[in-house]
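What you are looking at is a predicted structure, and each value in this text was computed from that prediction instead of being measured. We count ligands from 1, going down the list as the structure has it; atoms in each ligand are counted the same way.
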Amino acid sequence: MKILNFGSCNIDFVYSVEQIVVPGETITTKGMEVFPGGKGLNQSIAIARAGASVYHAGCIGQDGVWLGELLAENGVDISYLKKLDAKNGHAVIQVSETGENSIFLYPGSNRMLTVEFIKEVLLSFSKGDILVLQNEVNLVDEMIRLAYEKGMQILLNPAPFTQELKRIDFNMISYLVLNEVEAKCFTGTEDAEESIAYLLEHYPDMRVILTLGKKGCIYADREQVMSYPAFCVDAVDTTAAGDTFTGYFIAMLAQGKSVREAIGLATAASALAVSKMGAATSIPTKSEVEKAMFDLKPYEVEKKSREAQISEKIDRYLSIHLQDANMDGLAEALGYTKVYAGELVKKVTNESFSALLQKKRCACAAGLLCETDLSVTDIINRVGYENESFFRKVFKEMYGENPLQYRKKRGAGRK
Ligand code: RIB
């Protein structure tokens with residue numbers, strides 16, 4: 001399964017301001033820096049830093065050659081990045097003291113895609129491959145149609161939202177990742193639950209991920225709706241937080257992670273991005289994310305008891321180290337001795353470490369059975385079992401049916 005991101009590359013001119021300027025006002029900025037950016041470039045870098053392979057397609061101008069070099073340095077394949085005799089797209093960004101931003105774009109080379117070029121790039125991709133799109137390039141509707149005809153999975157991040165997007169048949173979209181502002185433009189309501197309900201009612205096969213800033217995010221598909229908390233960080237610059245989330249999310253799914261795991265890592269990655277200045281430059285690597293996950297506190301857990309925080313840490317350790325989890329590793333992650341860590345697990349979860357581990361492994365396997373076409377053997381390896389018959393026995397005890405029966409009932413396989 002290959003990932004193609006057809007998107008923008010911008011030069012970001014970032015101005016630090018006390019407050020975002022309002023109409024009619026003139027302000028003096030506190031500083032100015034130039035960063036690489038563009039939703040497309042940011043998402044490709046996030047995908048690459050999350051450990052997945054990605055092809056970035058799009059157009060850069062004469063002044064944007066360094067953006068292509070940066071993509072390549074980050075391991076992104078730029079075989080489909082075209083250099084035009086034009087001005088590169090750029091963004092003028094104000095970042096306030098509280099980390100909020102306000103952006104306007106000059107599209108330049110980003111909106112110079114042609115149908116011919118798109119068709120030529122898509123020749124190298126086929127059924128099952130993933131096309132990642134944002135809305136900073138032209139011909140988004142055409143790309144969706146052509147990729148859908150090929151049977152590709154399409155992830156659309158409808159940002160920035162424009163009315164033309166409403167003409168697209170979203171039944172062709174596999175994953176829609178959007179924020180509250182975009183959801184409101186699209187569905188007409190500010191209420192997150194109502195937005196989700198609207199989207200699923202109209203596009204029942206789509207998987208929707210609605211990001212809600214400090215309130216975390218909601219994942220929904222035709223079978224489930226799940227909420228995830230955001231992590232507490234000192235926001236320095238929120239630019240590219242959404243791009244980091246989107247890139248990590250799809251990279252993790254492509255690497256076989258369940259939706260739950262993918263969202264956990266994507267949320268942590270975007271929290272880290274927010275605590276640094278700049279767009280692409282603020283995107284963390286996977287190992288930075290994995291390291292930081294133990295120290296990040298979910299917003300809603302901040303005021304919770306110590307026990308709840310430990311339970312959170314145990315959960316995070318198990319979701320990152322599901323395959324190779326052991327008491328030594330958990331004790332190290334918690335910062336306690338093995339014996340004390342074992343006692344803590346019992347106290348906060350009412351279960352032994354081993355029972356908890358079986359539960360998590362089976363839950364992850366259940367998710368993969370429903371969400372992917374992976375074989376049972378692959379799933380068993382992925383969740384960390386060495387002995388297949390042991391897995392089948394534990395799974396049956398927990399879910400009352402064997403893995404294949406479980407998959408059959410819940411209609412396996414991604415679109
Ligand atoms: O999402 C952040 C990006 O939006 C910035 O890098 C800027 O280029 C704009 O496209």
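Each of the following atoms of ligand 1 lies closer than 4.0 Å to a heavy atom of Thr239: 2 (C), 5 (C). Ligand 1 places these atoms under 4.0 Å from at least one heavy atom of Ala91: 7 (C), 8 (O). When each atom of ligand 1 is checked for a heavy atom of Glu136 under 4.0 Å away, the hits are 4 (O), 9 (C), 10 (O). Counting atoms of ligand 1 from 1 in the listed order, those under 4.0 Å from a heavy atom of Ala279 are 6 (O). Contact atoms of ligand 1 toward Ala240: 2 (C) (distance under 4.0 Å to a heavy atom of the residue). Numbered from 1 in the order shown, with element, the atoms of ligand 1 that lie under 4.0 Å from a heavy atom of Gly37 read 6 (O), 8 (O).
Dense packing is recorded around CD of Glu142, with more than 12 heavy atoms of other residues, nucleotides or ligands lying under 6.0 Å away. At most 12 heavy atoms of other shown residues, nucleotides or ligands fall within 6.0 angstrom of atom CD in Glu190. A 6.0 Å sphere centred on CD of Glu116 holds no more than 12 heavy atoms belonging to other residues, nucleotides or ligands.
Distance from atom 4 (O) of ligand 1 to its nearest protein heavy atom, with residue and atom name: Lys39 NZ, 3.2 Å. With respect to atom 6 (O) of ligand 1, the closest heavy atom belonging to the protein is Asp12 OD2, 2.6 Å. From the protein, the heavy atom lying nearest to atom 2 (C) of ligand 1 is Asp243 OD2, 3.3 Å.
At a 3.5 angstrom cut-off on N or O pairs, Leu105 does not count as close to ligand 1.
In summary, the aromatic rings of His90 and Phe13 are positioned with their centroids under 6.0 Å apart.
Between Phe391 and Tyr385, the two ring planes are tilted [angle within 30° to 60°]. Ring geometry for His321 versus Phe294: interplanar angle under 30°, hence parallel rather than tilted (30 to 60°). In this structure, Phe6 and Phe117 have perpendicular ring planes: the angle between them is above 60°, well past the 30° mark. Ring geometry for Tyr198 versus Phe186: interplanar angle over 60°, hence perpendicular rather than tilted (30 to 60°).
Residue Asn42 touches ligand 1 through its side chain alone, judged by heavy-atom distances below 4.0 Å.
Heavy atoms of Gly242 come nearer than 4.0 angstrom to ligand 1 in no pair at all.
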